[in-house]
Amino acid sequence: MKKKPASPTVPPAAIDATLTQDALIPWAAEFQAKLLAWFRAEGRDYPWRQTENPYAILVSEVMLQQTQIATVLGRGYYDRWMTAFPDVATLAAASEPAILRVWEGLGYYSRARNLQKTAQAVLALPGGQFPESVEGLLALHGIGPYTAGAVASFAWNLPAPLVDGNVARVLTRLMACDLPIDQPPMPRRLWEWAGILLNRQDARLHNSALMELGQRICTPRSPACLICPVNTCCASAGPAAASRPKKSPARATVLVIEHTLLAIRDNKILLHQETGRRRQGLWKLPLRTAAETAALPLLHTAQYAITHHRVTLHIHAFAPDNANTNSNAAPAPQREDETWHSLADLPLLPMPGPYRKSLNHLLRQ
DNA sequence: TAGACGTGGGC
DNA sequence: TGCCCAAGTCT
């Protein structure tokens, strides 16, 4: 099978020049037409594609940041959120624990808090409506270049390009680019390419189609070039595709061991609320050093990953009533930032997924 | 600007 | 199993 040779990286000068779409990418019109035809015939029907409500679209986009559709839809996060907080006013008035509880398990919890900040900011705008421009959207918390382009094009069909992981992969393959996509000058160049290729009359469909192409056809490991609707436009179609895009090496995984206490008395459990950047506002079991827990019985061990850490979570039994009969290795039962909570309230408290799972396991009987 | 930020799924 | 990846943003 005869393939276009993998062309060398597109010279920056050819891209940066201010020229017409046809001169920059001669196959742009063909690409747009084939992409749109494919999407009209094969595109999936997601809840956020059945609405032009900017709030509903924003919620979906924020949930989908670094998160797969199967998680957001299959595990019910989108439906639960839209039921609990159906509009900007409801979300703006909600309590933070209520928000975090609905978000629990999705990760990147600042997304949930920023969504509420944005709801409050929108309500405070004259008219109380979302700004109908990329610039206006970018000024809101948690809305970056991708999400601004997504809301602008999906809600109002504005001619705004967008680049996410899917689009970046499609574009580097189309252009046979071997520069690392996470380092200059690639991020800027990808946005330029997306802007040049954008179908300005049908930005909504075009952007949806481009992402879905990346998600379903132009996949990271085994791209389906043979059935790709735009393979005639692609400089990587065939074996070369899987080698793109290039990326900087991932950070090394760091091993961490957490020793925690399961302290229960009078149907109350001792918990600690996170106040730092990580998992802020969520409740965890009290953390202790290995030495402090060495003499305590080990109840449960679990493993989980958080960003580039690999965590082994040990949960030790601690009986506050017996504390003074224990050796001097026994930990203080309670520290300043730790509080007792009724076991009945446990389902209401936002908690990192691994802790929730371990507690459910331990308290089942 | 490079690092930090959660979690689950696929291979 | 241990990576890589997923509709990114913030500091």
Side-chain angles (χ1 to χ4, degrees), chain A residues 44 46-49 57-78 100 103-115 117-118 137-154 161-170 180-185 187-188 190-191 194 204 207-216 218-223 242 245-256 274 276-282 284 302-311 313 350-357:
Chain A
R44 299 237 164 106
Y46 298 120
W48 45 87
R49 287 189 181 153
I57 290 168
L58 176 65
V59 169
S60 74
E61 291 305 330
V62 173
M63 280 192 175
L64 288 163
Q65 289 169 6
Q66 301 290 283
T67 308
Q68 300 193 120
I69 291 174
T71 301
V72 170
L73 279 188
R75 300 169 71 87
Y77 284 104
Y78 183 72
L100 291 175
W103 199 271
E104 179 184 305
L106 260 186
Y108 289 137
Y109 296 95
S110 62
R111 293 185 294 175
R113 283 192 302 277
N114 284 336
L115 218 33
K117 280 187 202 162
T118 279
L137 290 166
L138 278 174
L140 298 167
H141 286 283
I143 300 186
Y146 163 76
T147 305
V151 173
S153 60
F154 298 158
L162 57 74
V163 177
D164 70 336
N166 288 312
V167 175
R169 186 170 58 251
V170 170
I181 58 166
D182 50 2
Q183 286 173 30
R188 177 172 297 278
L190 288 167
W191 278 89
R204 174 186 287 133
N207 283 339
S208 296
L210 201 50
M211 286 193 292
E212 191 159 332
L213 185 78
Q215 178 209 335
R216 291 172 51 196
C218 197
T219 57
R221 288 189 176 85
S222 327
K246 301 282 196 285
K247 271 187 185 174
S248 303
R251 282 203 65 179
T253 300
V254 177
L255 299 181
V256 176
E274 292 283 339
R277 279 173 55 85
R278 180 180 292 180
R279 302 198 282 209
Q280 186 185 334
L282 277 71
K284 298 170 60 173
Q303 293 222 340
Y304 69 90
I306 174 169
T307 64
H308 64 285
H309 303 273
R310 178 88 196 152
V311 182
L313 167 64
M351 186 170 286
Y355 281 82
R356 175 78 66 191
K357 263 181 239 158

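Numbers restart at 1 for each chain; the letters A, B, ... are given by sequence-line order, proteins then strands.
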Excluding sequence neighbours, so at least two apart, what forms side chain to side chain contact (heavy atoms under 4.5 Å, CB included) with A:H309? A:V254, A:V256, A:R278, A:I306, A:T307, A:V311
Not counting sequence neighbours, which residues clear side-chain hydrogen bond (donor to acceptor under 3.5 Å, both in side chains) with A:R49? List them please. A:E212
For A:R277, check side-chain hydrogen bond (donor to acceptor under 3.5 Å, both in side chains) against everything at least two apart and list the hits. none
5′-ward residue of the pair A:Q280/A:A70 relative to DNA chain B: A:Q280
Looking at residues at least two apart in the chain, or sitting in another chain, which of them share a side chain to side chain contact (heavy atoms under 4.5 Å, CB included) with A:P47? A:L73, A:Y78
Whole-Å P distance, B:dC5 and C:dA7: 23 Å
Is there a donor and acceptor pair, one atom on the side chain of A:T67 and one on the base of B:dG6, closer than 3.5 Å? yes
Go through residues 59-66 of chain A and report each residue with a non-hydrogen atom lying under 4.0 Å from DNA chain C, sorted by number. A:E61, A:L64, A:Q65, A:Q66
DNA chain C nearest-nucleotide lookup for A:I143 and A:I69: closer to the 5′ end is A:I69
For C:dT11 versus B:dG6, give the span between their P atoms, rounded off to a whole number of Å. 13 Å
Residue set satisfying salt bridge (charged side-chain N to carboxylate O under 4.0 Å, His left out) with A:R204, at least two apart, ordered chain then number -> A:E52
Ignoring hydrogens and angles, write down the donor-acceptor pairs under 3.5 Å from the side chains of residues 137-149 of chain A, residues two or more places apart or on other chains.
{"from": "A:Y146", "atom 1": "OH", "to": "A:E61", "atom 2": "OE1", "distance (Å)": "2.5"}
{"from": "A:T147", "atom 1": "OG1", "to": "A:Q65", "atom 2": "NE2", "distance (Å)": "3.0"}

Per A:P352 side chain, nearest of listed nucleotides B:dG6, B:dG9, B:dT7: B:dT7
With sequence neighbours left out, write down each residue that passes salt bridge (charged side-chain N to carboxylate O under 4.0 Å, His left out) with A:R169, or none if nothing qualifies. none
Closest to the side chain of A:Q68, out of B:dT7, B:dG9, B:dG6, is B:dG9
For chain A, the stretch of DNA chain C it reaches, first to last nucleotide, under 4.0 Å of its heavy atoms: C:dC4 to C:dT11
